[in-house]
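Notes follow once the structure below has been shown.
Remember, it's a predicted structure, so these values are computed and weren't measured experimentally. The first residue of the sequence shown is numbered 1, and numbering continues consecutively from there. All values below come from the heavy atoms of this structure, side chains included, with hydrogens, waters and symmetry mates left out.
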Amino acid sequence: MHTWLRCTTRLVALSVASATLAAAAASQDRVRVASPDGRNQVTVEIREGGLYYSIDRDGRRLFLPSRLGFAFGGAPPLRDSLRIVDTARTTHDETWTQPWGEVARVRDHHNELRVSVVETGAPGRRFTVAFRVFDDGVGFRYEVPEQPGLGEFAITDELTEFTVEDDARAWWIPSNRPRLDRSEMLFSSSPVSVLDSVQTPLTMETRDGRTFIVIHEANLVDYARMFLAGPRMQSRTLRAALAPYADGIKVRGRTPFVTPWRTIQLADRATDLAPSLLGLNLNPPSVIQNTSWIKPMKYVGIWWGMHIGTMTWSSGPKHGATTANTKRYIDFAAANGLGGVLVEGWNVGWDGDWIQNRNAFSFTKPYPDYDLPALARYAHEKGVKLIVHNETSGGIENYERQMDSAFALYHSLGLDAIKSGYVTDLTSEGHSHYGQYMVRHYRRVIEKAAQYGIMLDVHEPMHDTGERRTYPNMMSREGARGQEYNAWSSEGGNPPEHETILFFTRLLDGPMDFTPGIFDILIERGQGDRGARRPWEPRVRTTLAKQLALYVVLYSPLQMAADLPENYEHQPAFQFIRDVGVDWDTTRVIAGKIGDYVIVARRERNSPSWFVGAITDEEARTFDVPLSFLTPGRKYVAEIYADGPGAHWLTNPLPVAITKRPVDATSRLHLVLAPGGGQAIRIRPAR
């Protein structure tokens, strides 16, 4: 057992082992398995020679019979003329501790059913589907053993279906946008029956509002990312659609192999969806035995200035990554108790068209005006981590050639955090950004970083499938439309509802480096005085108080104070960023409606302090929040950062009212949120 785990384990194996039972299983064409609480039930059956599964919750059908199987290049599909030859059952109940996360302790309690099938005719191929049924959902995966009829293979399609019984409302981003292979788009919503091709996590709400469903995947290792192809002929059957190689093949390999888990999270209320732990429980335990060097932190960075035009990544008179400028940021971080400083544009390769010239990047050679060894020493003396930036522009071979020497250099300088980037749509080899080629690459980077004791924050990433359990140095990632879009007039910015959707969609798969904390809401420092503002001009579409609340609502163990340091000077509201936690013992979602509002309370790990974040869309809202989550009998002080009088995201975004009041577990806080606004609260024990 790994030393960082503190587990209480109860394993009960209930295997169908006797010849009599095996023979009985072989004659079955339908088997069932339920969750520990009995509410979720999976039925697996043979229908006209095909293997299907269906899912019920509280006796109500959620997924109609949905087909399972594969299509292979140069071989018949593995889907027809199947029979069940064996089943096995297991119950598992374990509580394990995360080194960091939205919650400290995670319970893994599930019932597993393994169904083995074989083709009745030649070539007699066989496979097993393992179903794990939890109180909060279902995971299933294919396991294909080594066998004479199936050695090396090329998967052209995974035939998994998700046939939704109800024409539920879905929140989605497309996966087939022309010439774009990325996740940085605004979410839309529509009935399932009219979806085209979408990314996961896909969040759905049944029409009667009784059930929320999220389709995703877990433990993606040596496979292609799964998208969902939309229904045909107005049905409600979503089909697995794997990201391809340049030649159209989806997955290459040889038996034995296992697929990622296909996950279906189930909840009665939207607020029950988060924190989402299903994917973590379907990943193996940590392979890093000593995780003491993996530390959540807040950081600032030479980054926002590039987006608003006060600095450049490239060399020249506005070059941001200079020794002097970096020292200024390090001094600011040290003075304000922030853990790190990110520096983008430090390394040779940014001059000219850095996306097209992707192979020009060096990951060890700094520009002449950036003294990497001296800055590493200076940051260490100040108690601040210098975060190295590695932008690849999709030049994967160029990065992998240099990765060992670059990581060795960083390790020798005591640098243990990297932000990487993959600003591209297809790789330089023409493969999908999300295909097996890139899945293998991202895993090599995670493993190599762990070898050198380096934490990772990946932008333009593979989506999170819970690998942070196995490699907790894989800390945060982008994978959705973040703050930077507010700085680009051509993109129109993020509407006020955006973050209230992210919480129930993208954030369900894992932490997001959204980069909150912009105080210069109108981006006046970067753009100058332009007179009356026009709707399409760059600006942040929130109030300042909402920027504070995002630190609590949008989880990341690496949280950036994203604005320029000078924009935090003489700002009392900056105290909340100094104080807010980044690692949590307990998370409670108090209220929420997808696309409208979210209220979250989190208790800081190894601390009695709680933090509350509340955000809304373009509508003003009020809430009365009971503080029953506080320890009974203990006295606290609530430090409240609320939208000030007349605040409005569009016309008056800056007012913040800062107040304090005594509270305890019997108190209720009255929250008033301005249009596009929010409220951030620190609740600490009274001194």
Side-chain angles (χ1 to χ4, degrees), residues 9-18 20-47 50-69 82-94 106-118 126-145 159-165 211 213-219 240 258-268 276-283 466:
T9 307
R10 178 173 62 87
L11 301 177
V12 183
L14 303 172
S15 299
V16 182
S18 70
T20 302
L21 290 177
S27 66
Q28 293 178 338
D29 60 5
R30 180 181 294 116
V31 289
R32 294 185 174 90
V33 59
S35 58
D37 66 3
R39 296 187 64 194
N40 302 326
Q41 180 175 268
V42 175
T43 300
V44 186
E45 59 185 330
I46 298 293
R47 298 166 63 95
L51 184 64
Y52 289 78
Y53 74 95
S54 54
I55 299 177
D56 295 342
R57 182 172 173 87
D58 296 330
R60 174 192 183 200
R61 183 58 53 91
L62 295 181
F63 285 84
L64 300 171
S66 303
R67 191 155 202 162
L68 300 165
L82 301 174
R83 64 184 178 92
I84 296 175
V85 294
D86 194 15
T87 62
R89 298 176 184 271
T90 303
T91 292
H92 183 93
D93 192 2
E94 169 191 15
V106 179
R107 187 182 185 189
D108 176 3
H109 190 195
H110 66 263
N111 293 326
E112 179 174 296
L113 170 66
R114 300 171 58 82
V115 180
S116 299
V117 298
V118 65
R126 63 188 189 278
F127 66 93
T128 296
V129 183
F131 291 86
R132 292 184 182 175
V133 188
F134 302 78
D135 293 347
D136 59 344
V138 176
F140 65 89
R141 73 176 181 186
Y142 301 88
E143 301 175 1
V144 184
L159 303 179
T160 303
E161 296 178 346
F162 303 86
T163 302
V164 185
E165 193 280 336
T211 308
I213 304 168
V214 182
I215 299 176
H216 191 43
E217 60 183 326
N219 196 26
V258 298
T259 69
W261 294 91
R262 278 61 189 97
T263 63
I264 301 171
Q265 187 180 352
L266 303 172
D268 298 330
S276 178
L277 305 174
L278 182 64
L280 286 175
N281 277 328
L282 291 168
N283 274 262

Yes or no on side-chain contact (heavy atoms from CB on, under 4.5 Å) for V258 and V144, after CA distance, side-chain angles and deciding distance? CA-CA 6 Å; V258 298; V144 184; over 6 Å; no

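- R32 and T43 form a side-chain donor-acceptor contact under 3.5 Å, judged by distance and modelled atom types alone.
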As a quick check of understanding, evaluate salt bridge (Lys or Arg N to Asp or Glu O under 4.0 Å) for R262 and E217, giving each step before the final call. CA-CA 4 Å; R262 278 61 189 97; E217 60 183 326; 2.9 Å; yes

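- With respect to F140, the ring pair (Phe, Tyr, Trp, His ring centres under 6.0 Å) criterion is satisfied by exactly one of F131, F63, Y52: F131.
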Using side-chain contact (heavy atoms from CB on, under 4.5 Å), reason through V44 and L113 one step at a time and then give a plain yes or no. CA-CA 9 Å; V44 186; L113 170 66; 4.3 Å; yes

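- Atom CD of E45 and atom CD1 of I84 lie 8.5 Å apart (nearest 0.5 Å).
- Looking at every heavy atom in both residues, A34 comes nearest to N111 through O-ND2, 2.8 Å.
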List the steps and the verdict of side-chain contact (heavy atoms from CB on, under 4.5 Å) for L68 and L159. CA-CA 6 Å; L68 300 165; L159 303 179; over 6 Å; no

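- A salt bridge links D93 with R107: the closest approach of a Lys/Arg side-chain nitrogen to an acidic carboxylate oxygen falls below 4.0 angstrom.
- Two residues are said to be in side-chain contact when any heavy atoms from C-beta on lie closer than 4.5 Å; I213 and I264 meet this criterion.
- No salt bridge links E161 with R67; every basic N to acidic carboxylate O contact stays at or beyond 4.0 Å.
- Proximity of a side-chain donor or acceptor of D58 to a complementary backbone N or O of R60 within less than 3.5 Å is not detected.
- Within the 4.5 Å cutoff, no side-chain heavy atoms of Y142 are placed close to those of W261.
- At a threshold of 4.5 Å between non-hydrogen side-chain atoms, the residues F127 and L82 count as touching.
- D56 contributes atom CG, which lies 10.0 Å from atom CD of E165 (distance to the nearest 0.5 angstrom).
- Between the side chain of T263 and the main chain of G139, no donor-acceptor pair closer than 3.5 Å is present.
- Formation of a donor-acceptor pair under 3.5 Å by the D135 side chain with backbone atoms of D37 is found in this model.
- Contact check on E112 versus R132 returns a salt bridge, with a Lys/Arg side-chain nitrogen under 4.0 Å from an Asp/Glu carboxylate oxygen.
- Residues N219 and P260 fail the side-chain proximity criterion, which asks for heavy atoms closer than 4.5 Å.
- Remark: R114 engages E143 in a salt bridge, criterion side-chain N to carboxylate O under 4.0 Å.
- In terms of modelled atom types and a separation under 3.5 Å, the side chain of S54 and the main chain of L64 share no donor-acceptor contact.
- Here the side chains of S35 and H110 are not in contact, with every heavy-atom distance at 4.5 Å or above.
- Summarising the geometry, atom CG belonging to N40 is positioned 5.0 Å from atom CG belonging to L266; distances are rounded to the nearest 0.5 Å.
- Contact record, S66 with T163: OG-N, 2.9 Å, taken as the closest heavy-atom pair.
- With sequence neighbours excluded, no residue forms a salt bridge (charged side-chain N to carboxylate O under 4.0 Å, His left out) with D108.
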Please lay out, stage by stage, how L51 and I46 fare under the test side-chain contact (heavy atoms from CB on, under 4.5 Å). CA-CA 5 Å; L51 184 64; I46 298 293; 3.9 Å; yes

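- Taking the charged nitrogens against the carboxylate oxygens, R57 and D268 do have a contact shorter than 4.0 Å, which makes a salt bridge.
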